[in-house]
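The next block holds one structure in the form of structure tokens; read it before the comments.
Positions are given from 1, in the same order as the sequence printed here.
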Amino acid sequence: MKLIFERSVAGRSCALLPECDVPQAALPQELARTQSLDLPELSEIDLSRHYTELCKQVHGVNDGFYPLGSCTMKYNPAVNEETCSLPGFTGIHPLQPVHTAQGCMEVLHTAEDLLCQVTGMDVMTFQPAAGAHGEYTGVLLIKAYHQSRGDTARNQIIVPDSAHGTNPATAAMAGFKVVNVPSGADGCVDLEALRKAVGPNTAGLMLTNPNTVGIFDKNILEITDIIHKAGGLNYYDGANLNAIMGTVRPGDMGFDVIHLNLHKTFATPHGGGGPGAGGVGCKEILKPFLPQNHVIKTENGFTFENAPQSIGSMKAFYGNFGVVVRALTYLLNLGMAGLREASQMAVLNANYMRVKLAPHCKIATDGICMHEFVMSLKDLLKETGVSAKDVAKAMLDYGMHPPTMYFPLIVEEALMIEPTETESKETLDEACNAIIEILAQAKQDPERVKATPHSTPIGRPDEVTAARNPRLRYQ
């Protein structure tokens, strides 16, 4: 398709602005541009067709199956968008007096209460703007806790190798030394290695659970106990909460702090760079260090309070409020029983696909998985030369978004599949049959699979050149 600049015709316009009804003021000469803006010039129908064509080029969850593992790309109910669009939520300003925004304050307070019930935490902040931002906030809370006790020697964060990649990055950004702990053959944390890793320098553990191979660690209580006995705190990466919400609570497992991806687990459109909300919940011992502007309820209404030893502000004002509105709508619609059913369906769907695909490829771990599972295509690569990436590309020809490729790193030729709870059995059958067909074709005609996709607007771009020499501007 043509770029919008290629559609441009000099002098063409679709602007219909009313006459100015206020006195005009000229900019000081030193602030004025020395050359005109290089903007495309189009009619309204040109503009409409351009964006419609763009929509047709993009695959989203409304177009078809979107099994992107660890990303929970599930359908988001339209009622969430309607609620978020109410004038009382869209017409506020962060600088207006608190007494004029009591409804919005109540949203934050109610969402905190419900999500604390879901996670087993005592308090929660919605300031962080994304999951990794929430991780950073949670680790800073752990750091502030140890520093407040004069326990400054605790400069290590333990991260299992089955964690999300943001976990070690977050710990390093917060100034900690990352100590890696391997997984056992069962995909769970190696307890002996963990016992050897802890010591007087241990500040805490960052655990992704269920982990990146889709396993709920069966030793979870022993893991948190080992860390607590060593004097550390436990951080729960809640990005995979879609598998357990309403069934078990991290706060009951010995975790002291958790981040939630509200834009994943609690149904806000996810992808394309935002918006996000990485709400952070914690136990009472970490409350004195919470970010500023925590909503509390008083006899005179809702107001903000600042923790006495606050780590400061993580974001301007109060976080991405619209995402919290959507999450609250989702929570109130489903209730605890509905959340539990959603998680159970996510687990059921993943296991249905796992069992159906198991005779045709190697599954990374044995036994029941949670909300996602990982295929290993290393044998296919050795036998045919067809890689996991090739199979993922081939899925595009079947109208499906590919799963996550080459993650987790501990699995060779990995494809991670998360069907979510919002897909029907018919869709899962179609997806499984497509994957089985691709795997069979890889053995019969590997070169054709290596050349996929054949039906998409773009085939196989030169990804190395694109990454090393990106062209981000039209010239």
Point to revise | Criterion side-chain contact (heavy atoms from CB on, under 4.5 Å) on I435 and M395, from CA distance to verdict | key: CA-CA 7 Å; I435 295 171; M395 289 172 68; 4.1 Å; yes
Review point. For G199, does its backbone N or O pair with a side-chain atom of T202 as donor and acceptor, under 3.5 Å?
Key: yes
Check your understanding: Near N433 CG, under 6.0 Å, is it more than 12 heavy atoms from other residues, nucleotides or ligands?
Key -> yes
Check your understanding: Given the rule in the side-chain contact (heavy atoms from CB on, under 4.5 Å) test, do F266 and L331 qualify, once you have shown the distances and angles that lead to the verdict?
Key -> CA-CA 7 Å; F266 299 97; L331 285 162; 3.8 Å; yes
Check your understanding: In terms of side-chain heavy atoms, does N167 have a donor or acceptor partner in D237 at a distance below 3.5 Å?
Key -> yes
Exercise for review: Could you verify whether a donor N or O on one side chain and an acceptor N or O on the other, from T452 and D397, lie under 3.5 Å apart?
Suggested key: no
Practice item. Answer yes when K362 and D379 have at least one side-chain N-carboxylate O distance shorter than 4.0 Å, and no when they do not. Key: no
**Study point:** Note, L377 side chain near V391 side chain (heavy atom, < 4.5 Å)
**Key:** yes
Revision key, fill the gap. side-chain hydrogen bond (donor to acceptor under 3.5 Å, both in side chains) pairs touching residues 67-76, sequence neighbours excluded, are S70-H164, S70-E372, T72-E418, K74-N242, K74-Y330, K74-E421
Point to revise | Results of salt bridge (charged side-chain N to carboxylate O under 4.0 Å, His left out) for R340 - residues two or more places apart only | key: none
Study note, to complete from the structure: Taken in chain and number order and not counting sequence neighbours, the residues that satisfy ring-ring contact (aromatic ring centres under 6.0 Å, His included) with Y136 are none
Exercise for review: Scan residues 461-475 for pairs that pass salt bridge (Lys or Arg N to Asp or Glu O under 4.0 Å), counting only residues two or more places apart or in two chains.
Suggested key: K389-E463, K393-E463
Check your understanding: If we only count heavy atoms from C-beta on, is the T268 to N80 side-chain gap below 4.5 Å?
Key -> no
Exercise for review: If a pair satisfies salt bridge (Lys or Arg N to Asp or Glu O under 4.0 Å) and one of its residues is in residues 172-188, list it, with sequence neighbours excluded.
Suggested key: D186-K218
Review point. In chain order, what residues pass the side-chain contact (heavy atoms from CB on, under 4.5 Å) check against I368, with sequence neighbours excluded?
Key: N351, R354
Check your understanding: Is it true that E447 and K450 make a salt bridge, defined as a side-chain N closer than 4.0 Å to a carboxylate O?
Key -> yes
Practice item. Using salt bridge (charged side-chain N to carboxylate O under 4.0 Å, His left out) as the criterion, list what pairs up with R460, not counting sequence neighbours. Key: D390
Practice item. Go through the structure and list residues passing side-chain contact (heavy atoms from CB on, under 4.5 Å) with T427, not counting sequence neighbours. Key: F65, E423, S424
Practice item. Report the residues that fulfil salt bridge (charged side-chain N to carboxylate O under 4.0 Å, His left out) with K229, sequence neighbours left out, ordered by chain and then residue number. Key: D225
Study note, to complete from the structure: By side-chain contact (heavy atoms from CB on, under 4.5 Å), L409 pairs with (sequence neighbours left out) none
Practice item. Please list all pairs passing the ring-ring contact (aromatic ring centres under 6.0 Å, His included) test where one or both residues lie in residues 369-425, with sequence neighbours left out. Key: Y66-H401
Check your understanding: Looking at residues at least two apart in the chain, or sitting in another chain, which of them share a side-chain hydrogen bond (donor to acceptor under 3.5 Å, both in side chains) with N333?
Key -> none
